[in-house]
Each structure stands twice: as C-alpha cells, then as structure tokens.
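The basis for the numbers below is simple: all heavy atoms, side chains too, and nothing from hydrogens, waters or symmetry mates. Small disclaimer: the values here were computed from a predicted structure and weren't measured.
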Number of protein chains: 2
Amino acid sequence: MPTSGNLLSPKDLSVAIGVSESSLKRWTDRGFLEVSRTAGGHRRIDRNEAIRFVRSRKMQIVRPEILGLPESVAATPNIDLESLDDLDEAFLELMRHGHDLGARNHLLQRFLDGETIAALSDGPIRRSFDRIGELWHEGPEGILIEHRATEICVGLALELSKMVPVKDDGPRAIGGAIAGDGYKLPPLLTTAVLQEHGFRAVNLGPNTPIEVFELACFTDDPAQRPDLVWMSVNDLDQDDPGIGDRFTGFAKRCEAEDLTLVIGGRSVGEIDLESTPSLPVHRSMSAFADFLEAWKRRRT
Amino acid sequence: MPTSGNLLSPKDLSVAIGVSESSLKRWTDRGFLEVSRTAGGHRRIDRNEAIRFVRSRKMQIVRPEILGLPESVAATPNIDLESLDDLDEAFLELMRHGHDLGARNHLLQRFLDGETIAALSDGPIRRSFDRIGELWHEGPEGILIEHRATEICVGLALELSKMVPVKDDGPRAIGGAIAGDGYKLPPLLTTAVLQEHGFRAVNLGPNTPIEVFELACFTDDPAQRPDLVWMSVNDLDQDDPGIGDRFTGFAKRCEAEDLTLVIGGRSVGEIDLESTPSLPVHRSMSAFADFLEAWKRRRT
DNA sequence: ATAAAAATCATCCAAATCGTCCAAATCTTC
DNA sequence: GAAGATTTGGACGATTTGGATGATTTTTAT
C-alpha cells in the first residue's frame, strides 16, 4: 500500500519511477533529493519534492498514481520538444472541445517533462486564449467555448500551483488585476509562477481597485507587508479617467516606501507610464519569471 | 473528540503527524519525547513538548489544528468545538484575515470528519460570505477582505471537488451563473456538489448568456448532451428587461426536450417563474443535493 | 453511582526499511 | 575494443514500522 498522506517511502517512489530501491536511497544520501526522517531513521519523501525531482531529472514515471497523478501520464512517450507549435495546437483543440481531462493530461505531461509554469502560461494557455478570444466575438458558440475553457484553465492553474514545493520562509508577494479587468486567469497564473519561484503569494483576483492594493500593501502590521506587488492589466475601464492618476500615485508610493511594483498584461500599454519610467513592465510570464530570479539575487 | 486542554493523547499526536500510534508510543518509551502519565498509566503529552518534538525532528505536520499551531486556529483561540455555529465563526475569522492555510485546514478537516461539500457550502462558506458581503459595502477594507476570501475559496472548492471519486459513467450535468451574475464561487461549489453525487459536471462559469446555455444543452452531438442543467442566480442585470422572456423560453424548451433544469441562488426570487411552475428551485446546496439523489432514483 | 462505550495500555509479529557490501552493468578514456 | 571508473540492482542481518490482540483505564450516558 502506498504510504498515506503526503509522504512517500523510498520504496514507493522507486516503484513509481521504476528504479531500484538501492539507487533511490543512494540518491537521497547524495542530496539529489531532499528527505526527512522518522524518529527511527526511516526516510520520508514529500510528494512535491518527489515531483520536483522527477521533473529535474526528466525521469519516466511508471506508476503515476503513487505520486497522485493521473494514470495517463505514464504511457505517453516523452514529448518532442521540437514541435512545440503543434503541441500548443493540440492543446487548443482540447480546449475548444471542452475536453477537460485531455487538457489536464496534456498540461501535466508537459509540466512533468520539465516545462515551467511560466512557459506553459506563455505557450499553450496564452496561445489558446488568443485564438479562443477571437471566437468570442463571433457569437454564442465562441462564448460557450471561452467560458468552458476558462473554467478548465482555472482548475489547471490551481492544480499546477499545488505541485510546486512551498517555501514557508520565501518573500511575500501580493497582487491582482486592476479595476475594470475582469479576467481571472492571469492573476491565478501569476500566483502560480510566483509560487514556482519560492514566493508566498496572495491573489486579490480580478477587478481590484487601486485603493485595495494600497490597503493591502501599506498595512500597519509589518508581518503582513509584502516584498513585491504585481498588477495585471488585460482590460481597462474606459469610463474611469482618474485611474491613470491613481495608478501613478500608487506607483510613486511604492517607490517611496521601497516596495517593488511589477505590472504586465495585454492592455498594459494603455496606461500612462511616463511619470514612472523605472517601473518594470513584462509582456510574458517567462520575462516575469526571469525578473523574479534577478530580484531574488539582488535581494540577498 | 480530538483534544481538550493542553494535553494530547498518543493517538492525537500520531494522527497530527501522520504516523502510527505504535511508533509514537515506542518513541516516548525511548525518551525521544517526554510524557507524563495519568494515575492509571495512560500517556499524556504536553502541547509544547509535542511541538518541540516535531520541530526538532523536522517532521511533517499533517493536521496542524490538533497541535494548535499558528497556521490553523491560533488567530481565534477561543473556538468551542462543541457547537457548529462557533465552528463557522472560526472559519469566518480565518477568511477575514486572509489565512489561507488555516481556512484550508479547517475545511478539509471538517470534510474528512464527514461533512458533505453541500453542507460546507451552506455552512461555513455561505455564512462567511454573507458577513463578508456586508463588509464589502463599507469601503476598500471590506473589498480587500472579500477579494482575498473569494480567491481562497475558489482554491478550496476545486480542492474539495478533486477529493471526491469521479464516476466516468455518471449522468452529465452542465451549468453556470446567468448573464449579469459575476459571482464565480457558486458555480464552482455547485460543480463540486454535483461531482460529490456522481455527476460528470461541466462549469460554464459566471456571466453566461442564456443563448450559451441553449447552445451547450441542445447540441447536435447526442454524446455531449447533458442530462441536467443548472443555473445560478445571485445577481441580475437590471438593464436587460428581455432576460425574463429568454429564460422562460429556455425553461420551456428544456421541458419540451425532457431535460431537467434546476435553478438556485440568492436572487432567484427576482425571476418571474409564473409560467414555469414545475421548475425546481433550491435555496440551499443541501436541498439541491437531496434533489439530486431523488433525481437519480427516479432515473433508474 | 453504575454500567456501557471508547480510548489506551503493553505486548507481539509480519512487513518494510535501515546501512552496508558486492557483483554485474554502464559509462569514460585511451 | 580494453582498462578503469562509476552507477546500478540485489542480498544480508539488524532495526523500525504499523497493525492486531486482550487487558485495563477513561469517558459518556443513564
């Protein structure tokens, strides 16, 4: 019986990836794989750490169910990284037809093969929504597809973010989508990417007024104060001309109080950034991820 | 009952750290862990000693709430485990403070203790959002709390629905929130409840026009046709007077084509149901769950 | 107060895991 | 290819783990 809870025995993991127990124990002793110990000295491996390991080494998974993964990720051969465009095309088709299980398997498979959450966000997810967004304008059929696909991706984004090991002493990040932007997926994906890079991330969701950002960032309690704020801009309320000034005010206050502010999103160009020239703006999740790594290095 | 006072039984601590009672008792006998004894010889472990032990061995904590760790209930230390109302109150406090881990532990524990997803939806989740909704009108602070709590609950709803076994031959259900209703949580919870009762559920999410419902339900492909449709109504677009007629038309078509339609939600009373008297309307998830069971019995 | 129910005791045992060693397989280098 | 270095998988006795047992203690209900 595979060990209960979130902890695996060396035997469990060795069976899951089809290697001998001996090798696995040797790997843990060499530090390739982090293990905790019972009081009696038996090794225990966290599930997420196991997933991180198989991903980093690109190991085959023979028995996915032991790791809490769907059976279907076992049989499929490793994906050919050359034909990424075709792959994204395949994901788009799954999303168009509302094939939730297929989309889940596709994304999990690619995640296990080593693609980062940031890369998956920029690749299959963003590409499919670019195309599905076009359909949206063409009537109810497009809206149906878009709604179904969004809900599927919401589940996938949360599932992915639960598969990365958590660092409970990582830097704090908070953010959301600006007022007028009702897209819920970008904030979820941003949160997942932040967790992928060791942040403790709080998501304020879509349609968050600037005043709420201010309140969340400049709280009196220093233990709650974030180290980084992010804002997603995929839509803007055209009827609210004051929003530019409010944003500038917020950005200046962040700079004054030494709080890093990052923005990104499709409509980020519609914001006037003249008065805040040093503000980091990102056009992709991968760029955001690179920024996060540089930010962490600068911090230490 | 898990615990009372400041002393844990070996069983309590063993489930808290996900280890067998046998092992834990052996560890106490070897002195890894200091215990006192009752007059009759039963072991009693001080909470602080238990925490020292798990910290010193870096053991994983499966059920933090048993140890009373800050991740769970420390923010609200005065909760009375006897009364359900006070339990819901504790959950509300966790949500108010944006304590995602604590809220998760709270809800998962209650789920594992036997409460259904429907009961949790009507209980802690609905109650806390009733209260948090009041705060929303009071300004940015309330909006901050509401946004944070919503995102936490989105994650919890999806996590719960992943914990119920999927029946891949169950009846098909599809649904979402009506146009003008932007609340994303009710559709997610409804989907979770449907899965809890063996349905294959598709979620169209918030703000779904009636035309999209029609398209999704009366598709040409019989393999995609659902056996049940549900519609969540927690808000209505007041500027769209035609919505009542469109809804009536949709309801009549469902009846004509022998497709069960169910509606529910806070604002369901604002819809004119005169012309569709036989339509099932539910005011709670528990009522909806009862209906689903009756529906399945009638079907067989 | 008393009895029934639940929790815990100490003990035992099979299965799992420990650390270590070694021969076979695989990779490197020449 | 051959020689040398490294990795792998299996075997070993010793130790640890988790579950079961019947007896005792604690809690709950009457």
Side-chain angles (χ1 to χ4, degrees), chain A residues 1-47 49-50 53-63 65-68 74 78, chain B residues 1-47 49-50 53-54 56-63 65-68 80-84 86-87 109 112-114:
Chain A
M1 53 210 92
T3 321
S4 66
N6 270 329
L7 294 179
L8 302 170
S9 75
K11 178 91 172 178
D12 292 335
L13 182 52
S14 72
V15 170
I17 62 180
V19 300
S20 72
E21 188 185 338
S22 285
S23 295
L24 192 64
K25 287 196 291 190
R26 202 175 323 106
W27 294 341
T28 70
D29 293 346
R30 288 203 211 165
F32 297 162
L33 182 55
E34 198 181 298
V35 294
S36 55
R37 298 268 187 167
T38 68
H42 284 197
R43 298 172 181 84
R44 290 292 123 94
I45 305 160
D46 186 86
R47 275 201 156 81
E49 171 66 8
F53 173 71
V54 302
R55 231 157 68 84
S56 71
R57 302 256 153 173
K58 295 210 176 18
M59 311 206 68
Q60 278 256 354
I61 301 179
V62 184
R63 299 273 305 276
E65 71 277 11
I66 296 179
L67 302 181
N78 275 1
Chain B
M1 299 304 119
T3 54
S4 65
N6 226 13
L7 294 178
L8 303 172
S9 76
K11 177 91 175 176
D12 291 336
L13 182 52
S14 72
V15 307
I17 63 179
V19 91
S20 74
E21 188 186 342
S22 286
S23 296
L24 189 66
K25 287 196 290 196
R26 202 176 317 106
W27 296 342
T28 70
D29 294 346
R30 286 206 218 159
F32 294 164
L33 183 55
E34 196 182 301
V35 294
S36 53
R37 298 268 185 168
T38 67
H42 285 197
R43 298 173 182 83
R44 288 295 123 93
I45 306 159
D46 186 86
R47 272 204 161 81
E49 171 65 5
F53 173 70
V54 301
S56 71
R57 306 263 162 174
K58 299 195 170 98
M59 313 199 71
Q60 176 161 356
I61 304 169
V62 181
R63 302 274 295 271
E65 67 280 359
I66 295 179
L67 301 180
D80 177 6
L81 291 171
E82 305 300 319
S83 145
L84 256 185
D86 288 356
L87 262 188
Q109 178 186 6
L112 294 174
D113 285 348

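To the nearest angstrom, P of C:dA10 lies 8 Å from NE2 of B:His42. When rounded to the nearest whole Å, the span between CG of A:Leu7 and P of C:dT17 equals 13 Å. The nearest whole Å value for the distance from the CD atom in A:Glu21 to the C1' atom in C:dA15 is 12 Å. Rounded to an integer number of Å, the gap from NZ of B:Lys11 to C1' of D:dG18 is 11 Å. The CZ-P distance, from B:Arg44 to D:dT25, rounds to 13 Å in whole Å. The nearest whole Å value for the distance from the CZ atom in A:Arg43 to the P atom in D:dT15 is 17 Å.
Expressed to the nearest 0.5 Å, how far CZ of A:Arg44 lies from CG of A:Asp12 amounts to 8.5 Å. Here A:Leu13 contributes atom CG and A:Leu67 contributes atom CG; the two are 6.5 Å apart, rounded to the nearest 0.5 Å.
Judged as a side chain to side chain contact (heavy atoms under 4.5 Å, CB included), and not counting sequence neighbours, the contacts of B:Ser56 are B:Arg52. When the side-chain hydrogen bond (donor to acceptor under 3.5 Å, both in side chains) test is applied to B:Ser14, no partner is found at least two apart in sequence or on another chain. Residues satisfying the side chain to side chain contact (heavy atoms under 4.5 Å, CB included) criterion with A:Ser22, sequence neighbours excluded, are A:Ser20, A:Arg26. Shown here are the side-chain hydrogen bond (donor to acceptor under 3.5 Å, both in side chains) partners of B:Arg63, two or more places apart in sequence or in another chain: B:Glu65.
No N or O donor and acceptor, one from the side chain of A:Ser20 and one from the base of D:dG10, sit under 3.5 Å apart.
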Go through A:Trp27 and A:Val19 one step at a time and tell me if the side-chain contact (heavy atoms from CB on, under 4.5 Å) criterion holds. CA-CA 11 Å; A:Trp27 294 341; A:Val19 300; 4.1 Å; yes
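At its two ends the helix from C:dA1-D:dT30 to C:dC30-D:dG1 runs along axes set 60° apart, each axis drawn from five pairs and the angle rounded to 10°.
Under the side chain to side chain contact (heavy atoms under 4.5 Å, CB included) test applied with A:Arg43, the options A:Leu8, A:Leu24, A:Asp29 reduce to a single match, A:Asp29.
Contacts with DNA chain C (heavy atom under 4.0 Å) in residues 23-37 of chain A: A:Lys25, A:Arg37, listed by number.
One finds a side-chain N or O of B:Thr38 lying less than 4.0 angstrom from the OP1 or OP2 phosphate oxygen of D:dT26. For C:dT17, one of the phosphate oxygens OP1 or OP2 lies less than 4.0 angstrom from a side-chain nitrogen or oxygen of A:Ser9.
Without hydrogens or angle criteria, A:Ser36 side chain to B:Met59 main chain gives no donor-acceptor distance under 3.5 Å.
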